[in-house]
Amino acid sequence: MTDLVRLRNLAALVWGAAALMLAVAFAPPLRAQRSPAERAKALDNRIMCMCGGCSEAAGKCNHMGGSFSGPCETAQKEMKEVANRVAMGQSDDLILQSFVQEYGPTVLLSPPTRGFDLWAWLMPIIFSVTGIALAGLVVMRWRHRMTVAPAPRVAPELLARARHDMHGEYDD
């Protein structure tokens, strides 16, 4: 197999793996219909508590110490707002978008998967696939150099002289 064919096969394999990873990453999740309480809890864990005293999700906000332990007032307010919007029948995207409009994009624990923010999701995959492809290419080239380089040929006169010199030293 020639190097060009190997390189094409490697490129096809890398592109196929990248396409498969993207398809899996962005496939809509297969899940059963969730209750409003489950939806609200899932959304509570996707938005950040904006109290400024922690860096937790609103659903996991837990201020320890003193006489108070549990979600702060800001997290409770956010969770109540999420529950009210879920009860009104709003979609998850609409609820998250309303929090982004009120608090800014930092309210989301993970960046959205569209527009410029899509690069935050794609770059690790792209860098990983590119790195693997480059490593494979380097290994192929090293192996090619090792197999292509012929063994050096020694002139018969030099070989005969070396044999004569070797035997001459041991004849003493």
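None of the values given here were measured: they were computed from a predicted structure. As a basis for the values below, the full set of heavy atoms in this structure was taken, side chains included, without hydrogen atoms, waters or symmetry mates.
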Heavy-atom check, side chain of Asp93 versus side chain of Gln97, under 4.5 Å =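 No, every pair of side-chain atoms sits at 4.5 Å or beyond.
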Side-chain touch Glu56/Met48, heavy atoms, less than 4.5 angstrom =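 No - every pair of side-chain heavy atoms lies 4.5 Å or more apart.
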Would you be so kind as to tabulate the donor-acceptor pairs closer than 3.5 Å made by side chains of residues 122-137, with sequence neighbours excluded?
| unit_1 | atom_1 | unit_2 | atom_2 | d |
| --- | --- | --- | --- | --- |
| Ser128 | OG | Pro124 | O | 2.8 |
| Thr130 | OG1 | Ile126 | O | 2.7 |

What is the distance from atom [atom1] of [X] to atom [atom2] of [Y], rounded to the nearest 0.5 Å?
{"X": "Glu78", "Y": "Glu102", "atom1": "CD", "atom2": "CD", "answer": "8.0 Å"}
{"X": "Cys61", "Y": "Asn45", "atom1": "SG", "atom2": "CG", "answer": "11.5 Å"}
{"X": "Lys60", "Y": "Cys54", "atom1": "NZ", "atom2": "SG", "answer": "12.5 Å"}
{"X": "Ile47", "Y": "Thr106", "atom1": "CD1", "atom2": "OG1", "answer": "11.5 Å"}

Who passes side-chain contact (heavy atoms from CB on, under 4.5 Å) against Arg46, sequence neighbours left out?
->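 Leu43, Leu96.
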With sequence neighbours excluded, what pairs up with Val154 under the side-chain contact (heavy atoms from CB on, under 4.5 Å) test?
->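 Leu158, Leu159.
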Sequence neighbours excluded, which residues qualify as side-chain hydrogen bond (donor to acceptor under 3.5 Å, both in side chains) partners of Lys77?
->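 Listed in chain order: Tyr103.
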Is Leu94 linked to Val82 within one hydrophobic cluster, defined over Ile, Leu, Val, Met, Phe, Trp and Tyr using a side-chain heavy-atom separation of less than 4.5 Å?
->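 Hydrophobic grouping puts Leu94 apart from Val82.
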Are Met79 and Val100 grouped together when hydrophobic residues (ILVMFWY) are joined by side-chain heavy atoms under 4.5 angstrom apart?
->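 Unlinked, Met79 and Val100 end up in two clusters.
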For Glu81, which residues count as a salt bridge (Lys or Arg N to Asp or Glu O under 4.0 Å) partner, sequence neighbours excluded?
->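 With sequence neighbours excluded, Glu81 shows a salt bridge (Lys or Arg N to Asp or Glu O under 4.0 Å) to Arg85, given in chain and number order.
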Among residues two or more places apart or on two chains, list those pairs meeting side-chain hydrogen bond (donor to acceptor under 3.5 Å, both in side chains) that have a residue in residues 35-44.
->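 Matches after skipping sequence neighbours: Arg39-Asp92.
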